[in-house]
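Structure first, then comments.
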2 protein chains.
Amino acid sequence: MTIMPYAEPVSEAGSEQVTSLAAQIGRVAAPLRSQVLDVLREAILSFRFAPGQRLIERELIDMTGVSRTTIREVLRELAAEGLVKTIPQKGAVVVALSPEEAEELYELREVLEGHLVKKFVERASDAQVVALRRAFTQLESVVERREGTVAVLKAKDVLYEVLLTGAGNSALRASLSQLHARVSLLRASSLSSGPARPPEAVAELRVLVEAVEAREAGAAADAMVTHVRAAARTGIEAIRHSSHALVAATS
Amino acid sequence: MTIMPYAEPVSEAGSEQVTSLAAQIGRVAAPLRSQVLDVLREAILSFRFAPGQRLIERELIDMTGVSRTTIREVLRELAAEGLVKTIPQKGAVVVALSPEEAEELYELREVLEGHLVKKFVERASDAQVVALRRAFTQLESVVERREGTVAVLKAKDVLYEVLLTGAGNSALRASLSQLHARVSLLRASSLSSGPARPPEAVAELRVLVEAVEAREAGAAADAMVTHVRAAARTGIEAIRHSSHALVAATS
DNA sequence: GCTCGTCCGATTGTCATACAGTCAGGCGAG
DNA sequence: CTCGCCTGACTGTATGACAATCGGACGAGC
């Protein structure tokens with residue numbers, strides 16, 4: 001989930017109608033630190049920093065224009081999120097996943113996303129179910145029209161967002177967001193997840209959405225597990241192929 | 001509790017026979033930072049810092065003897081672990097869980113620990129199963145002999161450690177460790193989890209261990225879920241009672 | 001030519017200091 | 001008694017400095 005860039009506004013318990021004002025005065029300047037955090041996280045997840053690449057403080061300073069103090073604090077946060085690894089006396093390195101680790105992550109995803117879906121079915125309002133359907137339709141059309149990988153990812157994110165919100169468990173949301181971040185790191189390793197997957201993924205998700213609409217928690221969860229498992233297969237396969245290079249790069 | 005300014009690295013008592021080469025080359029002087037992290041985490045989890053309490057940098061500096069730079073980096077890590085919350089312009093505060101958040105955490109624990117047990121049954125060696133039984137027996141006797149709460153917690157930790165190792169998924173381990181930390185934060189909120197729980201917990205865990213020994217994954221997982229659910233009930237109940245005070249302390 | 005030990009540069013880990021910005025609470029004026 | 005200002009306590013951020021360490025280049029010796 002990406003830690004919120006802006007701090008939780010200390011809810012101005014004041015009168016309602018000042019919302020716009022509160023927004024204005026409440027959060028004019030986000031802590032510099034969190035802005036940098038966002039930028040770097042984004043850079044890693046969009047593969048502008050390759051897995052295994054060293055993140056040298058000096059260079060980050062030059063790139064961002066903030067002081068070393070700030071950079072270092074940000075690096076600690078990224079490390080805690082699992083996006084970079086800090087090697088003693090060596091500094092921060094973008095995490096490169098081994099096939100085994102990837103497998104572990106997918107196993108976790110299976111469990112958590114299965115649960116996510118189950119809770120969504122239990123708790124989501126009808127409106128949220130509709131939103132899910134809408135998000136799915138959107139994804140479908142993006143895939144059909146063969147828009148870029150980025151567009152597909154974005155559509156998927158929307159869909160997940162609907163699920164996370166509907167499931168109503170912020171701890172689950174936090175865990176899954178972190179997990180997703182790390183998994184998409186894997187995507188960076190294997191470059192493309194293979195061109196054949198998206199259509200299949202859509203088919204799998206269609207099953208999911210329909211089960212949700214029928215309010216069948218078990219079936220929906222199963223569909224999600226199936227989906228994740230399929231994604232795992234290709235994902236791990238891909239990383240396995242490119243792993244030689246990675247091993248070289250990492251060591 | 002002053003931390004030694006210098007790391008306690010290779011004990012230069014090296015004149016002795018080199019017990020283990022690995023130890024020598026492996027240990028590269030623990031970064032001061034990580035030592036401080038451990039100390040503070042420990043302090044939080046052992047309730048020496050109360051939930052809602054502000055952690056003022058200056059005071060931490062005095063307590064630990066390290067510089068502000070280091071302290072701040074540690075605080076970022078603690079924040080990412082979910083043990084402290086950073087309020088803009090206000091600094092770090094030990095997290096205080098609301099009943100709702102506690103409920104969410106327990107829900108997650110149910111899922112993850114259920115999975116943990118299932119995987120343990122699937123993957124653990126016979127030796128590990130024996131280790132589990134041993135850990136359980138130890139816990140049992142600690143509870144019977146009415147040793148302190150600390151001893152009980154320690155024994156539980158050992159048991160969990162066995163499970164985590166046997167399940168063979170380091171990502172799962174990481175997630176659960178974090179989760180456990182946050183849950184035990186809850187214990188700090190509610191002071192004592194109630195004196196009646198331990199014996200019940202032992203009974204629940206006995207069911208678990210026996211199911212594991214019979215290699216019945218489903219039953220074992222169910223037992224764990226039951227256990228967590230029971231713990232949740234008392235845990236949340238406790239926090240709910242003390243929540244007024246907490247709200248006051250937090251705000 | 002090859003191996004080995006040494007030295008150097010690049011970086012991290014840590015510290016001390018400084019200063020602006022912000023928030024809370026006290027104090028005094030109306 | 002309320003309002004507004006002032007001050008003190010902290011955080012957020014920047015800067016400079018220095019030891020320790022690591023990797024690689026360089027040069028000596030075989």
Side-chain angles (χ1 to χ4, degrees), chain A residues 5-14 22 25-40 52-79 84-94 248-251, chain B residues 2-10 12 24-40 52-79 84-94 248-251:
Chain A
Y6 347 38
E8 300 297 320
V10 197
S11 56
E12 294 311 321
I25 52 181
R27 279 287 69 86
V28 191
L32 195 45
R33 187 175 61 243
S34 58
Q35 295 182 52
V36 175
L37 177 61
D38 287 343
V39 168
L40 290 193
Q53 178 179 341
R54 273 185 76 182
L55 296 182
I56 296 170
E57 295 175 3
R58 184 83 159 289
E59 294 177 2
L60 297 179
I61 291 171
D62 294 341
M63 282 185 224
T64 60
V66 303
S67 77
R68 201 175 158 211
T69 307
T70 304
I71 288 290
R72 284 180 62 86
E73 291 185 26
V74 168
L75 287 178
R76 299 293 153 254
E77 302 198 45
L78 286 174
V84 310
K85 183 176 49 170
T86 305
I87 302 175
Q89 249 60 43
K90 193 95 189 285
V93 176
V94 178
T250 314
S251 66
Chain B
T2 335
I3 296 177
M4 278 291 130
Y6 347 119
E8 38 183 312
V10 274
E12 39 71 38
Q24 282 249 338
I25 50 182
R27 277 293 87 193
V28 254
L32 193 45
R33 186 174 62 241
S34 59
Q35 295 181 54
V36 175
L37 177 62
D38 288 343
V39 169
L40 289 193
Q53 178 178 342
R54 272 186 76 182
L55 296 182
I56 296 170
E57 295 175 4
R58 179 100 68 152
E59 294 177 2
L60 298 179
I61 291 171
D62 294 340
M63 284 184 223
T64 60
V66 301
S67 76
R68 201 172 158 214
T69 306
T70 305
I71 288 290
R72 285 181 61 88
E73 290 185 26
V74 169
L75 287 178
R76 298 294 153 256
E77 302 197 46
L78 287 174
V84 309
K85 182 175 51 168
T86 304
I87 301 175
Q89 314 304 346
K90 195 95 189 287
V93 175
V94 178
T250 315
S251 66

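The chains referred to below are lettered A, B, ... by the order of the sequence lines, with proteins before strands, and numbering in each begins at 1. The structure presented is a predicted model; accordingly, all values stated were derived computationally and were not measured.
Look at CD on Q35(B): it is 13 Å from C1' on dT14(C), rounded to the nearest Å. For the pair L32(B) CG and dG13(C) C1', the interatomic distance rounds to 8 Å; values are reported in whole Å. One atom, CD1 of I56(B), and another, P of dG8(D), lie 17 Å apart when rounded to the nearest Å. The nearest whole Å value for the distance from the CZ atom in R58(A) to the C1' atom in dA10(C) is 9 Å. When the C1' atom of dT11(D) is taken as reference, atom CG of L55(B) falls 13 Å away, rounded to whole Å. Distance CD (Q89(B)) to C1' (dT22(C)): 5 Å, rounded to an integer number of Å. Counting to the nearest Å, the C1' atom of dG12(D) and the CG atom of L37(A) are 15 Å from each other. Atom CD of E57(B) and atom P of dT22(C) are 17 Å apart (whole Å).
Taking a 4.0 Å limit (strictly below) on heavy-atom distances, residues 68-76 of chain A reaches DNA chain D at R68(A), T69(A), T70(A). In the region residues 60-67 of chain A, proximity to DNA chain D at under 4.0 angstrom, judged on heavy atoms, holds for V66(A), S67(A).
Considering only side-chain N and O atoms, R33(A) lies under 4.0 angstrom from the phosphate OP1 or OP2 of dT13(D).
In this structure, E59(A) and R54(A) have side chains that are not in contact, with every pair of non-hydrogen atoms separated by 4.5 Å or more. Residues T69(B) and T69(A) form no side-chain contact, since every pair of their non-hydrogen atoms from C-beta on lies 4.5 Å or further apart. Using a 4.5 Å heavy-atom cutoff, the side chains of T86(A) and R76(A) are in contact.
One distance of note links CG of L37(A) with CG of L75(A); it measures 9.5 Å at 0.5 Å rounding. Annotation: the span from I71(B) atom CD1 to T64(B) atom OG1 amounts to 3.5 Å, rounded to 0.5 Å.
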